[in-house]
There are 2 protein chains.
Amino acid sequence: MTAGAGARAFTIGEVSALTGLTTHTPRFYEQEGLFFAPVRRDAAGRRLFTDEEVEWLRVCTKLRSSGMPLPDIRRYAQLVLAGPGNEEERLAVLREHEERVRQQVADLQDALAVIHDKVEVYLGHLAAGTADRLWTDGPEC
Amino acid sequence: MTAGAGARAFTIGEVSALTGLTTHTPRFYEQEGLFFAPVRRDAAGRRLFTDEEVEWLRVCTKLRSSGMPLPDIRRYAQLVLAGPGNEEERLAVLREHEERVRQQVADLQDALAVIHDKVEVYLGHLAAGTADRLWTDGPEC
DNA sequence: CTACGACCTCGAGTCGACTCGAAGTCAAGC
DNA sequence: GCTTGACTTCGAGTCGACTCGAGGTCGTAG
């Protein structure tokens with residue numbers, strides 16, 4: 001009843017088109033154990049991805065782009081693979097990463113302040129026509 | 001009157017202590033041309049950093065932590081080295097990076113939304129005692 | 001029946017920014 | 001005068017996450 005005809009299967013090429021990843025990446029991810037289970041294959045040994053796997057790849061992309069290391073993603077996948085009962089642990093993995101991302105945002109905004117400060121200095125001097133004083137005024141370069 | 005006794009000079013060890021960088025990093029940065037000029041040396045060939053150079057290292061740290069590649073920092077340094085007259089170009093370098101950082105922040109917040117969503121899903125199921133439905137409900141793992 | 005394109009595995013290469021270590025020089029303290 | 005420790009240069013190694021390419025297999029279209 002669950003594994004019926006409704007479940008679409010995608011070739012790796014389709015997955016690539018759907019996610020914007022190269023075909024190498026989902027293969028690499030499978031090898032790294034980032035999926036909840038080995039990816040299904042057709043008779044010829046070609047991978048067949050489910051909707052859920054495609055969606056998971058999209059999530060992985062977000063996790064990666066926010067700096068989650070592959071080992072952490074793998075750990076989460078293994079918890080899911082292990083079945084119900086470890087939801088608190090999965091939650092902990094997610095929350096730790098969430099916190100790291102918030103910290104990253106804070107750090108970036110900190111850096112942004114420094115950068116924008118310098119931009120303002122230049123804008124000020126350029127507007128006032130005193131740009132050459134940037135040299136002698138001190139550390140304003 | 002400018003290069004008088006008031007200008008402090010720091011050894012690389014002091015710079016390391018002041019900035020939190022290892023001694024390798026300022027050396028590496030000099031080699032990569034990130035300073036506005038070659039670093040001054042004492043009679044024995046040891047580097048002597050000025051206040052301004054220490055401050056610049058701090059700025060570099062922010063630029064790096066916000067993802068500015070060394071070649072871009074080098075380009076900025078070369079503009080400063082080239083002297084007055086190119087302030088618009090320096091400003092452009094800074095503004096481009098500023099924009100990239102803003103984009104990074106936006107991307108991180110986008111990822112954060114996805115991550116936080118999953119956190120909420122787990123919190124909801126755990127609170128409701130329906131955590132085991134995570135399995136069968138669909139792509140909520 | 002053959003060509004084609006999409007897929008497979010495996011291992012090696014790439015990238016940027018450090019990071020480390022070896023081997024040597026130098027100055028100050030004892 | 002010798003040790004100690006901070007400095008010097010140089011070249012090699014590290015890290016993670018891809019990324020690429022060679023060489024091979026398959027199934028479908030013509």
Side-chain angles (χ1 to χ4, degrees), chain A residues 9-35 38-50 53-54 56-77 97 100-101 104 107 111, chain B residues 9-35 38-50 53-54 56-77 97 100-101 104 107 111:
Chain A
F10 301 98
T11 66
I12 202 162
E14 289 167 335
V15 169
S16 168
L18 286 169
T19 58
L21 300 167
T22 69
T23 57
H24 292 295
T25 305
R27 283 191 206 112
F28 174 67
Y29 280 6
E30 181 182 19
Q31 175 180 316
E32 292 292 302
L34 303 196
F35 288 102
V39 176
R40 199 159 35 109
R41 308 294 183 110
D42 69 9
R46 281 169 286 176
R47 291 175 181 79
L48 293 175
F49 294 85
T50 65
E53 282 163 338
V54 173
W56 171 240
L57 277 173
R58 278 196 253 264
V59 172
C60 285
T61 299
K62 292 297 182 191
L63 295 176
R64 286 292 309 120
S65 75
S66 54
M68 188 181 248
L70 294 194
D72 290 12
I73 303 181
R74 172 165 42 231
R75 163 135 185 78
Y76 181 84
H97 182 57
R100 276 197 303 269
V101 178
Q104 276 187 75
D107 291 349
Chain B
F10 302 97
T11 67
I12 202 163
E14 290 168 335
V15 169
S16 167
L18 287 168
T19 59
L21 300 167
T22 70
T23 58
H24 292 296
T25 305
R27 283 191 205 112
F28 173 66
Y29 280 6
E30 181 182 18
Q31 174 180 317
E32 291 292 302
L34 302 197
F35 287 102
V39 176
R40 198 158 38 108
R41 307 297 182 108
D42 69 8
R46 281 170 283 177
R47 290 176 181 79
L48 293 176
F49 293 85
T50 65
E53 281 163 340
V54 173
W56 171 240
L57 277 173
R58 276 196 253 264
V59 172
C60 284
T61 299
K62 292 297 181 191
L63 295 176
R64 286 291 308 120
S65 75
S66 55
M68 188 181 249
L70 295 195
D72 290 12
I73 303 183
R74 173 165 42 232
R75 163 135 185 79
Y76 180 84
H97 182 58
R100 276 197 303 269
V101 178
Q104 275 186 76
D107 290 348

Please list, chain by chain and in numerical order, all residues satisfying side-chain contact (heavy atoms from CB on, under 4.5 Å) with Thr61(B), sequence neighbours excluded.
Leu21(B)
Between dC8(C) (C1') and Leu48(A) (CG): distance, integer Å
13 Å
For Phe10(B) and Val15(B), which heavy atoms make the closest approach, and how far apart are they?
CB-CG2, 3.8 Å
With both pairing distances under 3.5 angstrom for Watson-Crick or G-U wobble, and | for a partner in another strand, the correct string for DNA chain D is ||||||||||||||||||||||||||||||
With sequence neighbours excluded, what pairs up with Arg74(A) under the salt bridge (charged side-chain N to carboxylate O under 4.0 Å, His left out) test?
Glu32(A)
Does a nitrogen or oxygen in the side chain of Arg47(A) sit under 4.0 Å from OP1 or OP2 of dC7(C)?
no
Across all chains, not counting sequence neighbours, the salt bridge (charged side-chain N to carboxylate O under 4.0 Å, His left out) partners of Asp72(B) are Arg100(B)
Are Trp56(B) and Tyr76(B) close enough that their ring centres sit under 6.0 Å apart?
yes
The criterion is side-chain hydrogen bond (donor to acceptor under 3.5 Å, both in side chains); which residues satisfy it with Ser66(B), sequence neighbours excluded?
His97(B)
Check the phosphate of dC7(D) against Thr11(B), side-chain N and O only, distance under 4.0 Å to OP1 or OP2. Yes or no?
yes
Set of side-chain hydrogen bond (donor to acceptor under 3.5 Å, both in side chains) partners for Thr25(B), sequence neighbours left out
Thr22(B)
Using the test side-chain contact (heavy atoms from CB on, under 4.5 Å), find all partners of Ala17(A) that sit at least two apart in sequence or belong to another chain.
none
Check side-chain contact (heavy atoms from CB on, under 4.5 Å) between Ala43(A) and all other residues, then give those that pass, not counting sequence neighbours.
none
Taking CG from Asp42(B) and C1' from dA6(D), how many angstroms apart are they, rounded to a whole number?
11 Å
Arg64(A): salt bridge (charged side-chain N to carboxylate O under 4.0 Å, His left out) partners, not counting sequence neighbours:
none
Reading nucleotides 10-30 of chain D from 5' to 3' and marking B where a protein heavy atom lies under 4.0 Å of the base, S where only the sugar-phosphate is that close, and - otherwise, the string is -------SB-BB----SS---
Between N or O atoms, less than 3.5 Å apart, protein on one side and nucleotides 1-3 of chain C on the other: list the pairs.
none

How many Å lie between CZ on Arg41(B) and C1' on dA6(D), as a whole number?
14 Å
Residues 18-29 of chain B vs salt bridge (charged side-chain N to carboxylate O under 4.0 Å, His left out), sequence neighbours excluded, gives none
